[in-house]
Amino acid sequence: MVKLFWEADGGIPQRLEFKYGYTDFNADETYTGLTEDDVRSHPDRRYAATRFDNIATEHHRTYLKYLVQPREDLSLEFAGYYNQFERSWYKLHDLRDLGSVHEGILTPAGQDLLMGSGPGQYRVRDNAREYKLYGLQFQGDWTVRKGAVENLVTFGARLHYDEVRRKQRNDTVTQDATGAVVDIDRGEDGSGGNRKQESRALALWVQDRISWGQFSLTPGVRYEHVDGHYTDYASDPTDTKTGGGDGTLGVWAPGISFTYNPTELDQIFAGVHKGISIPGPRSFIRSGVDPEESIGYELGYRTRRNGVQAELIGFYTDFDNLIGSDTGLSGSDATNAGEADVAGLE
């Protein structure tokens, strides 16, 4: 990772900042767990059918920012960013005639195949995917003072594009009664899933921290508009289109927080905020998955005494339209999975 910046010497405060990062990763990691008995007796065990499991990734990330303060009460930031992530996760997918891994391990034949002590076939899938995103963002801070009241207004906008391209491959491994691999039938690229998803998004936000004396109130709101598109291709290298669609989503996320400082060493604070999680294009266009939403509440107190800082927070979050999937059970399509309540003390 390299990060460079230049700041003007005198005149209007301004800064130009550049960052580039690169990661190359390779691990012989598996997606397959262990039976409960093995967890208890051999927690470090690795089943023979996962011998080919490997994940390799390559990641490029960069941004260019320009920050300027044309007036004492106004600061602006302009940024462009680009991110690319590519992965090849080659891992055990199923036990062919015996079904999925979790189904097959419940049978003696499946256990023998999985553990390398019996014959059969299993399939290894190359979960090959490429992710790209880029965009432009503008944000600013504007301070307005009128008498004893100060407003710090934060505002901004972002234009964003992202895509995911998957072109997965299924390979079939044949194993003999001794557990030795006698054949590997390499499948065609795309045989394990072939599709593309794209999103174009506009985000707008504004927040105002209103301070007077010992009090501050901070209302704010964010709006997200997403245009999504997906394309399904045939399960082969031809990239023959078999389906697709377009759709849009628009979501508001407001919030408000409050603080009170009875002394210079104590603070009482509270907040109510809406949270959102937007499903992928294929999920909301093809499967009708709604955005996940939550309302979070918090109430807290923090203090400093004799070099010790302490904080106590009570929180409650009400989730609706939870987005989940049954990956590892029978599929991997996203779905709305109901509601949840989370509460606690910290």
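What you are looking at is a predicted structure, and each value in this text was computed from that prediction instead of being measured.
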- Evaluate the criterion side-chain contact (heavy atoms from CB on, under 4.5 Å) for residue pair H160 and L133; output intermediate values, then yes/no. CA-CA 7 Å; H160 174 89; L133 65 87; 3.8 Å; yes
- Query: Please walk me through it: do Y122 and V124 pass side-chain contact (heavy atoms from CB on, under 4.5 Å)?
  - Reply: CA-CA 7 Å; Y122 55 87; V124 184; 3.9 Å; yes
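- Here the closest non-hydrogen pair linking R282 and Q197 is N-OE1, 2.8 Å.
- A salt bridge links D94 to R123: one of the charged nitrogens lies within less than 4.0 Å of a carboxylate oxygen.
- Side-chain atoms of L92 and T30, non-hydrogen and from C-beta on, never get closer than 4.5 Å to each other.
- In this structure, E224 pairs ionically with R222, as a charged nitrogen and a carboxylate oxygen lie closer than 4.0 Å.
- When only modelled atom types and interatomic distance are considered, D236 and T238 share a side-chain donor-acceptor pair under 3.5 Å.
- D141 and T154 form a side-chain donor-acceptor contact under 3.5 Å, judged by distance and modelled atom types alone.
- Residues N321 and P291 share a closest heavy-atom pair of CB-O, 3.4 Å.
- In this model, a donor atom of one side chain and an acceptor atom of the other lie less than 3.5 Å apart for D126 and S88.
- Here the side chains of T32 and K91 are not in contact, with every heavy-atom distance at 4.5 Å or above.
- A cation-pi contact, defined as under 6.0 Å to the ring centre and within 45° of the axis, links R302 to F269.
- Between the side chain of Q175 and the backbone N or O of L113 there is at least one donor-acceptor pair closer than 3.5 Å.
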- Task: Please lay out, stage by stage, how W212 and L217 fare under the test side-chain contact (heavy atoms from CB on, under 4.5 Å).
- Result: CA-CA 9 Å; W212 69 101; L217 183 68; 4.2 Å; yes
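- Cation-pi geometry between K132 and Y134 is not met: the NZ or CZ atom fails to fall both under 6.0 Å from the ring centre and inside 45° of the normal.
- Across all their heavy atoms, L299 and A270 have their closest contact at CD1-CB, 3.8 Å.
- A donor-acceptor pair shorter than 3.5 Å cannot be found between the side chains of D162 and Y131.
- The backbone N or O of G156 lies less than 3.5 Å from no partner atom in the side chain of Q139, so there is not a single donor-acceptor pair.
- Using a 4.5 Å heavy-atom cutoff, the side chains of S235 and T242 are not in contact.
- If you take CD on E163 and CZ on R200, they are separated by 9.0 Å, rounding to the nearest 0.5 Å.
- A donor atom on one side chain and an acceptor atom on the other are found under 3.5 Å apart for T303 and R305.
- Looking at R145 and D73, no side-chain N of the basic residue comes within less than 4.0 Å of a carboxylate O on the acidic one, giving no salt bridge.
- Minimum interatomic distance between Y81 and L136 (heavy atoms only, all atoms of both residues): CE2-N, 4.0 Å.
- Counting only N and O atoms by type, the side chains of E188 and S191 include no donor and acceptor under 3.5 Å apart.
- Between the CD atom in Q14 and the OH atom in Y66 there is a gap of 3.5 Å [rounded to 0.5 Å].
- Side-chain contact of Y20 with H60: a donor-acceptor pair under 3.5 Å is present, judged by distance alone.
- For E7, the CD atom is densely surrounded, since the number of other residues' heavy atoms within 6.0 Å is greater than 12.
- Checked against Y90 for a side-chain hydrogen bond (donor to acceptor under 3.5 Å, both in side chains), the options D28, D53, N54, D171 give a single hit: D171.
- Atom CD1 of I268 is separated from atom OH of Y301 by 7.5 Å, given to the nearest 0.5 angstrom.
- Side-chain contact between T143 and N151 is absent, with no heavy atoms from C-beta onward closer than 4.5 Å.
- A donor-acceptor pair under 3.5 Å is formed between the side chain of K274 and the backbone N or O of W252.
- Judged purely by atom type and a 3.5 angstrom limit, E17 has no side-chain atom pairing as donor or acceptor with the backbone of K65.
- Remark: side-chain polar atoms of T263 are paired, donor with acceptor, to backbone N or O of L265 under 3.5 angstrom.
- A donor-acceptor pair shorter than 3.5 Å can be found between the side chains of N194 and R165.
- Here the closest non-hydrogen pair linking A343 and Y316 is CB-CD1, 3.9 Å.
- Across all their heavy atoms, I105 and T35 have their closest contact at CD1-CG2, 3.2 Å.
- Side chains of Q69 and S75: a donor-acceptor N/O pair is absent below 3.5 angstrom, by distance only.
- Separation of atoms CZ (R46) and CG (D38) is listed at 14.0 Å; rounding is to 0.5 Å.
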- Task: Could you walk me through whether Y233 and R166 pass side-chain contact (heavy atoms from CB on, under 4.5 Å), step by step?
- Result: CA-CA 10 Å; Y233 301 100; R166 70 167 63 188; over 6 Å; no
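- Separation of atoms CD (E77) and CZ (F138) is listed at 10.0 Å; rounding is to 0.5 Å.
- Atoms NZ and OG1, on K241 and T231 in that order, are 5.0 Å from each other to the nearest 0.5 Å.
- N261 and Q214 form no side-chain donor-acceptor contact under 3.5 Å, judged by distance and modelled atom types alone.
- R61 and N83 are not linked by any side-chain donor-acceptor pair at a separation below 3.5 angstrom, with hydrogens and angles left out of the test.
- In this structure, D183 contributes its side chain and T174 its backbone to no donor-acceptor pair below 3.5 Å.
- A donor-acceptor pair is defined here as one N or O able to donate and one able to accept, closer than 3.5 Å; such a pair exists between the side chain of T62 and the backbone of K19.
- Residues L159 and W205 do not share a hydrophobic cluster, defined by chaining ILVMFWY side chains whose heavy atoms lie under 4.5 Å apart.
- Side-chain N or O atoms of R51 include one that pairs as donor or acceptor with a backbone N or O of A48 at under 3.5 Å.
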